[in-house]
Q: 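One structure, pasted below without further comment.
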Amino acid sequence: MKSKKQSASGKGVFISFEGPECAGKTTQIRMLQEYFTKKNIDTVVTREPGGTVIGEELRKIVKHHVGETAVVDEAEVLLFAASRAQHVRKVIIPALSSGINVICDRYSDSTMAYQGYGRGLDLSFIAMLNRFATAGCMPDLTFVLDLTAEESSERIINREETLFLEDRIESAELSFHKRVRQGFLEIARQEPERVKIISAVQPKEAIHGQIIGLLKNVIG
Ligand code: Z5A
């Protein structure tokens with residue numbers, strides 16, 4: 001681990017990927033990880049909800065809980081925040097402090113987009129909850145892979161790995177997913193320096209090329 005290159009500032013770069021389901025986040029994260037590996041740059045790849053043992057337990061509840069007692073929206077937002085509070089303190093901040101880059105598959109913008117814009121919970125409460133959960137640790141750069149709700153649901157239907165296996169949030173109605181997308185676009189409008197929108201309807205290599213181009217402004 002120590003033989004690999006770490007950032008000149010001594011602090012790692014924090015990159016998050018956001019967007020609707022099936023936008024290609026996992027695919028792009030894998031390609032970016034390979035890019036860093038070839039350059040011998042130390043990187044941790046992690047995800048939300050999840051990234052810690054507790055976070056992965058919470059992930060099972062928020063993604064797949066079914067049964068007579070549905071997870072109410074207020075409980076859902078707190079479960080995501082709980083996963084994040086553990087994750088940021090046990091994984092993200094320690095890695096960044098050691099000069100290791102962090103790539104995170106979803107982070108606090110997902111809470112704003114899904115639970116705020118999507119579920120309709122109070123946006124200022126979510127902003128406060130995000131500040132509490134993250135301890136103020138925000139990504140240096142966030143890529144929102146943008147896809148319409150219709151394009152996203154078509155990819156979910158055709159996705160080989162999970163054919164016919166939509167999870168609890170994926171199976172929400174189309175209008176919910178439209179609001180989520182608008183949420184991501186609004187976040188990008190409010191924070192254009194940090195949040196970059198990239199069309200997810202392009203060949204994978206073209207998207208990767210755009211990501212590397214934008215990263216060079218941050219990493220050098
Ligand atoms: N959630 C929340 O509500 N609040 C929060 O605070 C947080 C999360 C943190 C996590 O699910 C769920 O939790 C998510 C939001 C919510 N809810 N939903 N629904 P997840 O992590 O399991 O799933 P996901 O983040 O939605 O990702 P995904 O469905 O696994 O998709 P993806 O990672 O973005 O895409 P992919 O796996 O790379 O590719 C999907 C398919 O598209 C696959 O068949 C690829 O071959 C194809 N693909 C990829 N790129 C392309 C291009 N460029 N063209 C065409 N096809 C492509």
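Ligands are counted one by one from 1 in listed order, and the atoms in each one are counted from 1 as well. The structure presented is a predicted model; accordingly, all values stated were derived computationally and were not measured.
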Q: Using non-hydrogen atoms of the residue, decide whether R84 is closer than 4.0 angstrom to ligand 1.
A: yes
Q: Specify side chain, backbone, both or neither for Q115, according to which of its non-hydrogen atoms lie closer than 4.0 Å to ligand 1.
A: side chain
Q: What about G24: any of its N or O atoms under 3.5 Å from an N or O on ligand 1?
A: yes
Q: Check ligand 1 against E48 and write out every atom of the ligand that is under 4.0 Å from a heavy-atom position of the residue.
A: 9 (C)
Q: Looking only at heavy atoms, is any part of A200 under 4.0 Å from ligand 1, and if so is it the side chain, the backbone, or both, or is it neither?
A: backbone
Q: Is there at least one pair of N or O atoms, one from C22 and one from ligand 1, spaced under 3.5 Å apart?
A: yes
Q: Would you mind running through ligand 1 and noting each atom that sits below 4.0 Å from a heavy atom of Q202?
A: 52 (C), 53 (N), 54 (N)
Q: Quick one: do E56 and R47 make a salt bridge, cutoff under 4.0 Å?
A: yes
Q: Would you indicate which of R155, E21, E151 comes nearest to atom 54 (N) of ligand 1 when only heavy atoms are counted?
A: R155
Q: Any donor and acceptor pair, going by atom type alone, linking the side chain of S98 with main-chain N or O of I100 inside 3.5 Å?
A: no
Q: Indicate the ring-plane relationship of Y114 and H177, choosing parallel, tilted or perpendicular according to the 30° and 60° boundaries.
A: perpendicular
Q: Where's the contact between I207 and ligand 1, heavy-atom distance under 4.0 Å: side chain, backbone, both or neither?
A: side chain
Q: Would you say R59 touches ligand 1, if touching means a heavy atom closer than 4.0 Å?
A: yes
Q: Should Y114 be counted as touching ligand 1, given the test is an N or O pair under 3.5 Å?
A: no
Q: Show me which atoms of ligand 1 lie under 4.0 Å from any heavy atom of T111.
A: 5 (C), 6 (O)
Q: Which ligand 1 atoms does T27 reach within 4.0 Å, using its non-hydrogen atoms?
A: 36 (P), 38 (O), 39 (O), 49 (C)
Q: In sequence, state the C-alpha distance, the side-chain angles, and the governing distance for F17 and L32, and then conclude on side-chain contact (heavy atoms from CB on, under 4.5 Å).
A: CA-CA 11 Å; F17 280 76; L32 184 57; 3.9 Å; yes
Q: Show, in sequence, the C-alpha distance, side-chain angles and deciding distance for F14 and Y107, and conclude whether the ring-ring contact (aromatic ring centres under 6.0 Å, His included) test is met.
A: CA-CA 11 Å; F14 184 11; Y107 194 60; 5.0 Å; yes
Q: Determine whether more than 12 heavy atoms belonging to other residues, nucleotides or ligands lie under 6.0 Å from atom CD1 of I54.
A: no
Q: Check R59 with E48, please: is the shortest side-chain N to carboxylate O separation under 4.0 Å?
A: no
Q: For T111 and R84: C-alpha separation, side-chain torsions, deciding distance, then whether side-chain hydrogen bond (donor to acceptor under 3.5 Å, both in side chains) applies.
A: CA-CA 10 Å; T111 311; R84 182 162 309 126; 2.8 Å; yes
